[in-house]
Amino acid sequence: MVVESLTKAKVIQNYLGDMYEVLPSYGHVRDLAGRSRSVRPDDDFSMVWEVPASAWTHLKSIKVALSGVENLILASDPDREGEAIAWHIIEMLQQQDALNEDITVSRVVFHEITESSIKSALQAPRELDSNLVNAYLARRALDYLIGFSISPLLWRKLPGCQSAGRVQSAALGLICDREMEVEQFEPKEYWTVGVDFHVSQSHPLKNKTSIFSLLSHLDSRKLNQLSISSIIEAEAIKERISSSQFKVLAVKMGKVTKNPPMPYITSTLQQDSASKLNFSTTYTMKLAQKLYEGIKLSDKEATGLITYMRTDGLNISNEAANDIHSFVKERYGNKFASKNLRKYFKKVKNAQEAHEAIRPTNIRRLPSSLNGILDDDALKLYTLIWARTMACQMESLLIDTVQVDIGSMGGDLVLRSTGSKVGFPGYQAVYKDKEAGVNGNDDKVEDVTQACFDVLRKLKVEDQLSSGEVELRQHHTRPPPRYSEGSLVKKLEELGIGRPSTYASIMKVLQDRNYMTVKNRVLFPEFRGRMVSIFLSHHFAEVADYSFTADMENELDNVSGGVTEWKGLLRDYWSRFSKYCDLATSTDIRQVEKMLEEKFGHILFASLPDQSRVCPSCSRGTLKFKVSRFGAGYFIGCDQHPSCKHISSTVFPDEEDESHASDNPEKSFPPKLLGYCPDSNNKVLLKNGPYGFYVQLGDDTHGYTPKRASVAEVKDVDSITLEFALDLLQYPLTLGKHPEDKHPVILAHSKFGFSVKHRRTIAPVPKSVNPKSITLQTGLKLLSGKNVRRSGRPKRKPNTEESLFD
């Protein structure tokens, strides 16, 4: 038997004994060659595969083990990828003539690694599912063609942007679109009006009891969120409330039923793990893989703790559901168990093979029993799965509610108070089960306002109430929230984009490519990611279109169902996609610059002084967004190049890109105007260049280099003032003439500090010495000291023995 991992192999070997030899393939044994033309549309989409060096060792082990055996059982994971691994193994063994006619090859699948599940799977072997293999081949070829067609275009048109992919680009588009919504959002002001009411002296409730209500109707009109838009309106309402008498208009009792959550599938587990445990999707899948493959519980026993973790099926087997239902009765009582077994058949959009939901392999294995066996994070994830699985066979949560409407005597003002309390905890009982090791990681229920509920339910229609303090609160509408990993997975699932096995890898690729960053669990697109997204939406509309990506998933599902022929699907897509590639290839880089400038001008030019795009050097040109011809650089520069070589700043404006900052420091700091020289009225600018910060007198002009002085030794450049700059710009100063050769002795300033120069001799001025105190005599003394150095190349002494012709 061949499985995918060593851990799984060891666990299953223990179940099956000496009649079987269980070997790991260590994942895929081959993949598409990582070079161009590994998928060949002109040759009926033939594919070029390559075998990693490490995989040859594993294949050799399998080949050796086949000697003298009767059966080869391929037991890779129960999904498309698992089917593909089994197909690759067969293909490679056939190429090596390792499969003779006496060996029966069969495929078995199991959704949990327990002894009963493995032995049951062996009773139902089948042949390789060619439809699943074809669906894998179609997906692999499609992703390769998109990646290897678009990526080289990105390298040429957007240097430094490394790759694009079918599902990856759709996910990036969602993040970037949301960022644009946040940027364009304009908050609106609105106000809420709350009142503390008190009952009359004669009421059975105590006079001091406070009932807080919010204004819901004004002049017989129901208020919406933005109805009260200013403090003037709010103050006017406050005056009306203060001068009005109030009574109870209606008391409405009710019940709310909250059904238990559905069992976990891959996406919902990732979402809950992110929100409740603060785990990334990648880390969640790593922990889940560990729980699935097998944990050693004692010296002899090792078993899988959960079912297969890459699934979009919600069903639970009858045997497991009955066991869960029975255990709920045992642990919490009959009234907490659902009246009938709960069946979950609803599947997410484009769900693939009918896998079981993620559940414990043994529901009676409490999380508390795994203390000291599992590490903390693995135990937290197991607890999450265990509690959710128990909850799905329990009764609903019942909440008693009360709603009281309080109105003015004239009927022009109506305020509403609400309260609630838990009537029956239902499935919530499992989340309070500390003995089982659960610590309340449940879905939050509405705020249970027990005290408020008890007060409100005792009120009766026509009860007189007096208004107390009126509370006016200012609010502003908020932009839509940026995605977290969990909410992005949920959105992808809703749109039908991607599959359970791809969500974690999507997040990893987007971060590895520096297309997005994660800060406090929130996904922020990097500027390079936004450039890629807009480039794709402009030139590859289909790839960037969410509905197209989801429709393609449908087509791939049709392939796995045997409805669609996979090469026909690829031919249809490639005929359209290749035209997009041709058009994008012919696009001039200047068109790309213009498109990006139009889309992101509000970001690119935000840091310019007064956001003026007039070139500060030549005053004739306009600052434009440019793609560097050398390396992966983007910058803001003058459009009068080459007559004006002004560079204002580098992009990426929102990224801490250390490589760009160090390679091109002159582009990372826009010129700062310190003031004007009182003698010449020239500008005094603080700038950054290849050798550090410097101050400059006057603008850059073609054919003329203005006077400059380095300030590289100043750590806090924000502290540089006009006076400090003018003081530095007076150097170099001539101290006088050297008494021996009458050449000038000069006091100069550089990024290394002050120094005294005479011809090729340079002497540094000690940092403890004030340069303003240096005279000709001080300079001569320094020039004769120990720390003197010579500049330039030393003159070569003539060699009289050399031929003049040499």
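Every heavy atom of this structure was used, including side-chain atoms; hydrogens, water molecules and symmetry mates were not.
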Cationic N near anionic O, under 4.0 Å, [X] to [Y]:
| X | Y | value |
| --- | --- | --- |
| Arg513 | Glu526 | no |
| Glu179 | Arg482 | yes |
| Arg80 | Asp557 | yes |
| Asp143 | Arg139 | no |
| Glu4 | Lys8 | no |
| Glu356 | Arg359 | yes |
| Arg166 | Glu553 | yes |
| Glu81 | Arg499 | no |

Solution key, residues 55-74 side-chain donor-acceptor pairs under 3.5 Å, sequence neighbours excluded:
unit_1: His58; atom_1: NE2; unit_2: Ser54; atom_2: O; d: 3.4
unit_1: Ser61; atom_1: OG; unit_2: Thr57; atom_2: O; d: 3.1

message: Below 30° counts as parallel, above 60° as perpendicular, anything between as tilted: where do the rings of Trp386 and Phe327 land?
response: perpendicular
- prompt: Parallel, tilted or perpendicular: which describes the rings of Tyr144 and Phe148, with under 30° parallel and over 60° perpendicular?
  reply: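 Answer is parallel, since the angle falls under 30°.
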- prompt: In terms of side-chain heavy atoms, does Tyr292 have a donor or acceptor partner in His111 at a distance below 3.5 Å?
  reply: no
